[in-house]
Structure formats: structure tokens, C-alpha cells
Amino acid sequence: MLLFLFVSALSVRAQDLKDRLLSDDPGVRMKALAAVRGLDDGAKAQLVPYFAGKVRDSGRMTRSYASQALGQVGAPALPELLKLLRDPDTDLRYLASQALGMVGEPALPALVAVLREPDNDVRCNAARALGQMSATAQPAIPALAPLSKDPDAKLRSCVAEVLGRIGGPGALKVLVPLLSDSDRDVRWATLNALNPFGSSAREAVPMVMALAKDDDSVTRGVAYRTLGKIGAGNSKVVEMLRWAVRNDKSWIAIYALGELGPDAASAVPDLVVALKSTTGHYPRGTIALSLGNIGPAAKDAVPALMQLWVDAEPYSRTQAIEAVSKIGPVAIPALIAGLKDKNADIRSGAAWQLGEFHGKAASAVPELISLLRDEEATVRMNTAQALAKIGTPEAMAAASRVSGGQINPWTVHGKRLWTKAEIAAPIPPSEGQRDARKLDSEVRIPAPGVAVLLATIHRGDGNPDHLAVWGPVGDRYEPLALEGWDESEENRSDGVLAPPGAFGHGNERFIHLELRIPGTAFLHEDTFFWIAPDLTLHKVGFQAAPEGYLNQLKKGEGIWKGEMNKFTNDKMEFEFFIWNEGDGNCCPTAGHVKGEYKLVGERKFDPARKTWSADFRIVPATYTRMAIEKQ
């Protein structure tokens, strides 16, 4: 009797999951997929016939959901998935490969066996399933290696792509010879496959440099990109990319130099020349992005970057602003010079950026004080805010005079400690601010050691949201970071701050801040802080996943909206959609991309100054492109 009741309960639960796994609501579907993992093999087996039937449904969406369900069922679904892998329907074979990749290690022996079958399409899909498993599939590399020499170039390309996802020394050993393959598409696939290896693929650099001299411009571009990924520490790579910037006029080479970071310091003069001579907002924005990634060594580029602050295109302007911030306090002399620029927007931007350097910009105080008499109100406002942030007695006195003694306490970033009541009190209006900001929400964030930081969001009608992060000092709090957005009239309602999140990666802790733009959940701006061991906060560079994918788009394709990101402990994931030219705003048809970010850079401690710093960046690591399911 007890056994009957137990089986009945499993049946009811399985039936409930059948309905929820095919839900149109992604949230319901994801929870149901997670629940499948918790079932025992007997309960999972009950689901297999049902979803094996549904995966042959005429609706692409139903097919996709059903195949995902089979993937979550795991080993009990292997026989059905292997049948689907050999199905005449191309879409079914592809979906089966995706599901088999979800099964993971239990599917390895069966997939290795499929690699020996005669049908190349079936073998390629089996290889793609292995690629989805990443490092888990490394035991299958000996079975994949012979396929890299198959007469079918499409199969060789497929194997190269898969080996790039699997990674490891064994995969690299098979990949390097494919750089000299007779087929151009195979060489392209191999170049792209090397990117995730980073500097561990340095043995491939000479062959990639040879391809960077190819007569075919696309091959050169793909090779430039790969050199940026694997060529760290190699001065010959930098020189080749500099040549490509000067002579090939390649924006991909410019991007690759940025990927090399400080190693590309010698390229700064070439990038400055390109910045002044290039037209088109995307190339200019890419140059600015690369200069920012090079860091302090790009200080001579600051005057040219400041001229980009008035660019008509937001991408160019945003990247130029971010670049000067990344270059850091070594930019202060150029910013002080910018306070005298004839363009009011540049004067205003220079003042704002000097304020962001806080006390390190104390040398700018005399010039800033003189700018308090500027004819433009926005310049005066940003200057007063900057002086308050710099916080020296001279700067505070000048800012207080301008504001009639009512400095917005938000701007003060110094040693003053705040009580909880003061943090919760409304922030009074100041010049350019419509209404008082009130405490909207607070989140406690675990930090290194036993510390817990406090993050607060302050919101006011008609004003952009602001964030503060506070460190505990006894029963009071010290402001560690203050983040706000442009208060100009046209940007007052540009976005809403979501409650900040925290996540760990390796031994490091980070804060994630998301400014959500109205219209669609895809559009947002992400800001990250590294929490140092001494609880100081340091901004982290971030490259959104779509930026890194642009050079992989085909003609007529585009990424119209942003990406969906998920940052949790030791997991940094993204997904986004690709539109074909002519697609409606609602309905992309070109593809669906998922992948993971990686953290690059390292922390540093200056024993003389007893200060922490880091050059951390969060950048895309892997991309998996999938077909869009048709309704």
C-alpha cells in the first residue's frame, strides 16, 4: 500500500512537471527544469516518452522546451536522444545535440561511439554536444582528433569549433595544425576556437601572425582578433597590430590592442592618430575602449578623448568618458587643461571627472575655483560638485559659497562618518535637482572577512536614482562609493536602479549595479565594484557580451537590444538575441546566443602606501549560438 502511494505521488509530480515544462512563462519553465534534477531515475523515466513525443511537435518552441526537458532528465533519456541525433530532420538533430550536452558526463561514451558513424552531420552534432560539456568532454578529445583530418571541410570546421569550447592542452594540440588547413573556413573556425585559450595558446602565435598577413581581408581580421586574445606579453604581436592600424585601417586590430591592455602601451600614438582621423561612431568608440583598457600608459590620449565627449553618437561619447576614468589620476594634468576648453561640455566633463578622482585631484582646486564663474550653469554646477568631492578645506569653502552654505551632502566623499538616521534622511535639493531624494531601499552586502557593507538607493521624483555604499565603523558608516547619473533635463528619467547585488568569483567579492532603461528588460547599464580586503571599492572594467560578438555577425544581422546577465557566486552568464535585417522589433529570427563571462586581471598591494588596487575586467569568455525556435 505504501509503495502504491509513493508511485502515485511520483506520477502526480511528474504530470505536474509535464505541464510546467512546456509553460510559456520562462520563470515557470526554469523552475520546472530545476525540479526535474531532483527526481529519482524512476520518476524521470516516466517523463521520457511524453517529451520524446513532444520534441517531434510541429511547433519549434514546443520542440525546444521538450528537448530541454529531456536534457534535464539525463541518463534515462539517452536512448531517445540518440535516436533524435540520427533523425532526418536537421532541427531535431540540432536540438538533440543541445539536450545531450545538458546530460553531461553520462552521455560521453555514447557520443564517442557516434563519432565513429559514417554520417558527417550526425558526427558533427555529436561533437557539438561534447562541446557543450566544456572541460567535462576532455576525455573525448582522442576520438575527436581523427575527425580534424576528415576530407569533409565542414566536419573539420565543426571539430575546431568544438575543441575551442572543450579547451585544455589536448584540444590545443589538435587545433594548432588546423591553422594551416587548406580550407579557409576551417582556418577561420580554428582562429576563433583559439580565443578562449588566452595566453596558454602562445605556441600558436607565429602561425596566427602568418595568417594576419593573408591576402584575404576577412582572414586578416579574424587573425588580428585572435592575436589580441592569445598574444599577451609578445611585443611582435603589438607591432603587427600597430601596422594593421596604420596600413590596414582595421578597427578589429584596434580592438585587439585593447584586449592586450597595458602590453599595448607602445600603440597609443597610433591610436590617437586613428582617433583624430577616423569617421563613424563605432570605430571611434572602439578606439576609446582600447585606450581605456591600456590604462595609465594612455595618458597622452586624454586630450583627444576629451574632444570625443561632445561626439554626436552616444557610443563614442560613453566609451571616451569611460576611457579617461580608466586611465586614472595620471589624466589630471590634461583634465586641468580641459577646464579652459572653448566647448562648455568639455569644461563641464573635465570638472566632473576631476571630482571622480576625489582627493587625488587636489592640484586642480585653483583652476576649478576659477571655473565657478563660468557663463554656463551646467559647468558651474559640475564644478561645485567636483570641489565638494575633492574635499580639501579650500575646495569645500568655495563649493559652500556657491551653494549658499547648503552643499548637497551626497557630494561629500571624505572622512565624515554618518549615522543610520543621517543616511535615511532626505537629501535636500541643490542646483539642477528638482526634489529631495529619499531612501528607497537598502541591501546588506557580504564583504571580505566578517564585514558586511550597506548599500542604499536614494530616489526622488524627476531625478535620476543614486547609490551609496557604506562601510561600518562602530555604530556609524563611512561612504565608500557614491554613484549617480547625468542630471541634465533630457536624461532625468533615463533609468531606474535595481537593488545592488553581490557575488563572489574565486577569492574575490564584487558588487553589481544595474541601471534599467525603460522599454525592455534587455536594456541596462552595468557597473561593477571590486571589494578590496581593506573594504575600499574599485571600479571593474566591463565589456557587455554583444560588443564582443559584433565581428561574428553575418551581413544583415544586428543586435538591436542588450543582453540578459546573471551574476551569482562563481557564475557569470549572459544571453542575447540576433535580428535579421527586416525583423520586427519583437521578433528576432537570426539566432539566440548564450555564454559566460570571465574575470581577467589581478589585485595588487602597494606595501609602501598600504593601498590596494586591481586591473580587473569582466569580459565575454564563451559564446554558443543557437537557432531561434519558430512558433
Side-chain angles (χ1 to χ4, degrees), residues 124 127-128 131 134 141 144-145 147-150 152-234 236-241 243-245 248 250-260 264 286 543 545 547-555 557 593 595 598 619-625:
C124 180
R128 286 185 174 131
S134 301
I141 290 174
L144 287 165
L147 274 60
S148 70
K149 300 176 183 177
D150 193 273
D152 186 345
K154 288 184 179 179
L155 183 59
R156 299 199 303 275
S157 292
C158 177
V159 170
E161 174 189 336
V162 166
L163 289 170
R165 294 176 184 172
I166 293 174
L172 188 61
K173 186 177 179 181
V174 179
L175 277 171
V176 172
L178 287 173
L179 289 169
S180 57
D181 195 277
S182 59
D183 186 89
R184 184 182 66 172
D185 290 343
V186 176
R187 297 195 297 273
W188 289 356
T190 306
L191 286 166
N192 286 323
L194 288 171
N195 292 338
F197 288 87
S199 58
S200 64
R202 60 176 61 90
E203 67 184 82
V205 167
M207 295 180 71
V208 177
M209 289 182 69
L211 289 173
K213 300 175 183 177
D214 197 277
D215 291 338
D216 177 66
S217 62
V218 177
T219 299
R220 293 198 303 276
V222 179
Y224 296 153
R225 180 173 182 269
T226 300
L227 288 172
K229 298 289 186 181
I230 71 173
N234 191 321
K236 292 182 179 179
V237 168
V238 176
E239 288 307 307
M240 169 160 277
L241 292 173
W243 178 92
V245 172
D248 212 2
S250 170
W251 69 265
I252 299 177
I254 290 169
Y255 179 83
L257 285 165
E259 289 286 286
L260 294 174
T286 302
Q543 180 189 10
E547 290 180 24
Y549 198 78
L550 291 174
N551 69 325
Q552 299 187 46
L553 296 178
K554 301 172 185 175
K555 186 176 181 180
E557 293 181 344
V593 179
K598 65 179 178 180
V619 298
T622 62
Y623 291 99
T624 300
R625 178 164 174 164

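Contact annotation: the side chain of Leu553 approaches that of Leu550 to within less than 4.5 Å [non-hydrogen atoms, C-beta and beyond]. The closest side-chain heavy-atom distance from Asp216 to Trp188 is below 4.5 Å.
Contact detail for Ala145 and Val174: the closest heavy-atom pair is CB-CG2, 3.9 Å. Between Leu163 and Ala171, the shortest heavy-atom contact is O-CB, 3.6 Å. Residue Thr190 comes nearest to Ala160 through the heavy atom pair OG1-CB, 3.7 Å, listed as atom of the first residue, atom of the second, then distance. Taking both residues in full, the closest heavy atoms of Gly131 and Ile166 are given as CA-CG1, 4.1 Å, listed atom of the first, atom of the second, then distance. Of all non-hydrogen atoms in Ser157 and Ala189, the two that sit nearest each other are O-CB, 3.8 Å. Smallest separation of non-hydrogen atoms from Asp183 and Asp185: OD2-N, 2.9 Å.
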Check the pair Val218, Arg184 against side chain to side chain contact (heavy atoms under 4.5 Å, CB included), reporting the backbone distance first and the verdict last. CA-CA 10 Å; Val218 177; Arg184 184 182 66 172; 5.5 Å; no
Could you walk me through whether Arg220 and Asp248 pass the salt bridge (Lys or Arg N to Asp or Glu O under 4.0 Å) check? CA-CA 9 Å; Arg220 293 198 303 276; Asp248 212 2; 2.9 Å; yes
Intermediate values then yes/no, side chain to side chain contact (heavy atoms under 4.5 Å, CB included), Val237 and Val205: CA-CA 8 Å; Val237 168; Val205 167; 3.7 Å; yes
Evaluation steps, side chain to side chain contact (heavy atoms under 4.5 Å, CB included), between Arg156 and Ser182: CA-CA 11 Å; Arg156 299 199 303 275; Ser182 59; 4.0 Å; yes
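Atom CG of Asn192 and atom CG of Leu175 lie 11.0 Å apart (nearest 0.5 Å). Cys124 contributes atom SG, which lies 7.0 Å from atom CD of Glu161 (distance to the nearest 0.5 angstrom). Atom CH2 of residue Trp243 and atom OH of residue Tyr224 lie 5.0 Å apart, to the nearest 0.5 angstrom. Taken to the nearest 0.5 Å, the OG1 atom of Thr219 stands 7.5 Å off from the CG atom of Leu191. With rounding to the nearest 0.5 angstrom, the CG atom of Leu227 is 6.5 Å from the CE atom of Met209. Note that CG of Leu155 and CG of Leu147 are 4.5 Å apart. Values are rounded to the nearest 0.5 Å.
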Show which side-chain atoms of residues 193-200 pair as donor or acceptor with protein atoms under 3.5 Å away, not counting sequence neighbours.
residue: Asn195; atom: OD1; partner: Thr226; partner atom: OG1; Å: 3.1
residue: Ser200; atom: OG; partner: Phe197; partner atom: O; Å: 2.5

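In Lys154, the NZ atom is not crowded: 12 or fewer heavy atoms of neighbouring residues, nucleotides or ligands sit closer than 6.0 Å.
The closest donor-acceptor contact from the side chain of Arg187 to the backbone of Asp181 lies under 3.5 Å. Looking only at distances, a side-chain donor or acceptor of Tyr623 sits under 3.5 Å from a matching main-chain atom of Ala545. No donor-acceptor pair closer than 3.5 Å links the side chain of Arg128 to the backbone N or O of Val162. For the pair Glu557 (side chain) and Lys554 (backbone), a donor-acceptor distance under 3.5 Å is present.
Residues satisfying the side chain to side chain donor-acceptor pair (under 3.5 Å) criterion with Arg202, sequence neighbours excluded, are absent altogether.
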